[in-house]
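Some notes on the structure that comes next.
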Amino acid sequence: MEFYLKNKHYALIFLSFSIFYNCKNEEKTPIEPTQEKVVYEMYQPSEMAGFMNAMYVYNQQLKAQIVAGETPNSMPLDLLKLHSAEMTNGKSRTKNWQSFVNVFIESQEAIADTLSNTDLKERFNTAITNCLNCHKTECTGPIPKIKKLLIQ
Ligand code: HEC
């Protein structure tokens, strides 16, 4: 961590990313009070937080593809990690988590199901809505960010 703090520029970049994504911080939370803690969390995200960010980036790419009229036909993420990945200290798989996780996995896989009769955009928005449904109780910080994934 000291290494990163030596370089203010990097520290700032990490900070802005953490503010973006962290569970507890809404997008506009001021940086000052928890500066060191936030840098630390970004430097060592939990396995689950890392996987969530990978899902976020993957869905950004999917959205771009769908908007461009392309049809995604593979789903490269190992979604079973949701059942096994280690979570940030203090977080666990709650009853709410359990009730949302499989519905989400099915809806994420359905996007790349080329045999589906359901409109592609609708399938994509259903998956993103399922991200949001779980986040409403389990991790509210990234909600504004995730909402932007929805295709209007
Ligand atoms: C079943 C519940 C659930 C679903 C579904 C879910 N999330 Fe999460 N998400 C969580 C929890 C809990 C955390 C906190 C994990 C931790 O800190 O270890 C989290 C964390 C995150 C984070 C913050 C990671 C960080 O750096 O702290 C982002 C971004 C995120 N999720 C995006 C998404 C997106 C995008 C989807 C859908 C593609 C999604 N999530 C689906 C429960 C869920």
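Numbering of residues begins at 1 and proceeds along the displayed sequence. Note that the coordinates shown come from a computational prediction; the quantities given were computed from them, not determined experimentally.
- With sequence neighbours excluded, the residues satisfying side-chain contact (heavy atoms from CB on, under 4.5 Å) with A110 are R123.
- K121 contributes a side-chain N or O that, together with a main-chain N or O of Q152, makes up a donor-acceptor pair within less than 3.5 Å.
- With sequence neighbours excluded, no residue satisfies side-chain hydrogen bond (donor to acceptor under 3.5 Å, both in side chains) with T137.
- To the nearest 0.5 angstrom, C23 atom SG is 9.5 Å from I143 atom CD1.
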Considering only distance and modelled atom types, tabulate donor-acceptor pairs under 3.5 Å from the side chains of residues 95-105, sequence neighbours left out.
{"residue": "S99", "atom": "OG", "partner": "N96", "partner atom": "O", "Å": "2.8"}
{"residue": "N102", "atom": "OD1", "partner": "H83", "partner atom": "NE2", "Å": "3.2"}

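- Summarising the geometry, atom SG belonging to C131 is positioned 5.5 Å from atom CD1 belonging to I146; distances are rounded to the nearest 0.5 Å.
- The side-chain hydrogen bond (donor to acceptor under 3.5 Å, both in side chains) search around T126 returns none, not counting sequence neighbours.
- N59 is linked by a side-chain hydrogen bond (donor to acceptor under 3.5 Å, both in side chains) to Q108, counting only residues two or more places apart in sequence or in another chain.
- The 12-atom threshold is not exceeded at CD of E86, counting heavy atoms of other residues, nucleotides or ligands nearer than 6.0 Å.
- When side chains are defined from C-beta on, K91 does not count as touching M48, because their heavy atoms never get closer than 4.5 Å.
- I128 has its side chain within reach of F124: a pair of non-hydrogen atoms, C-beta onward, lies under 4.5 Å apart.
- At least 2.5 Å separates the SG atom of C134 from that of C139.
- Annotation: side chain of L150 is in contact with side chain of L132 (closest heavy-atom distance under 4.5 Å).
- Between atom CE of residue M55 and atom CD of residue Q60 there is a gap of 13.0 Å, rounded to the nearest 0.5 Å.
- Atom CD of E106 sits about 12.5 Å away from atom CD1 of I111, to the nearest 0.5 Å.
- In this structure T118 satisfies the side-chain hydrogen bond (donor to acceptor under 3.5 Å, both in side chains) test with no other residue, sequence neighbours excluded.
- In this structure a side-chain-to-backbone donor-acceptor pair under 3.5 Å is present from K63 to K148.
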**Asked** Can you list the steps and then say if L82 with M52 is a side chain to side chain contact (heavy atoms under 4.5 Å, CB included)?
**Response** CA-CA 9 Å; L82 290 170; M52 288 283 167; 3.8 Å; yes
Side-chain atoms of residues 66-81: list all donor-acceptor pairs with protein atoms under 3.5 Å, sequence neighbours left out, distances to 0.1 Å.
{"residue": "D78", "atom": "OD1", "partner": "L80", "partner atom": "N", "Å": "3.3"}

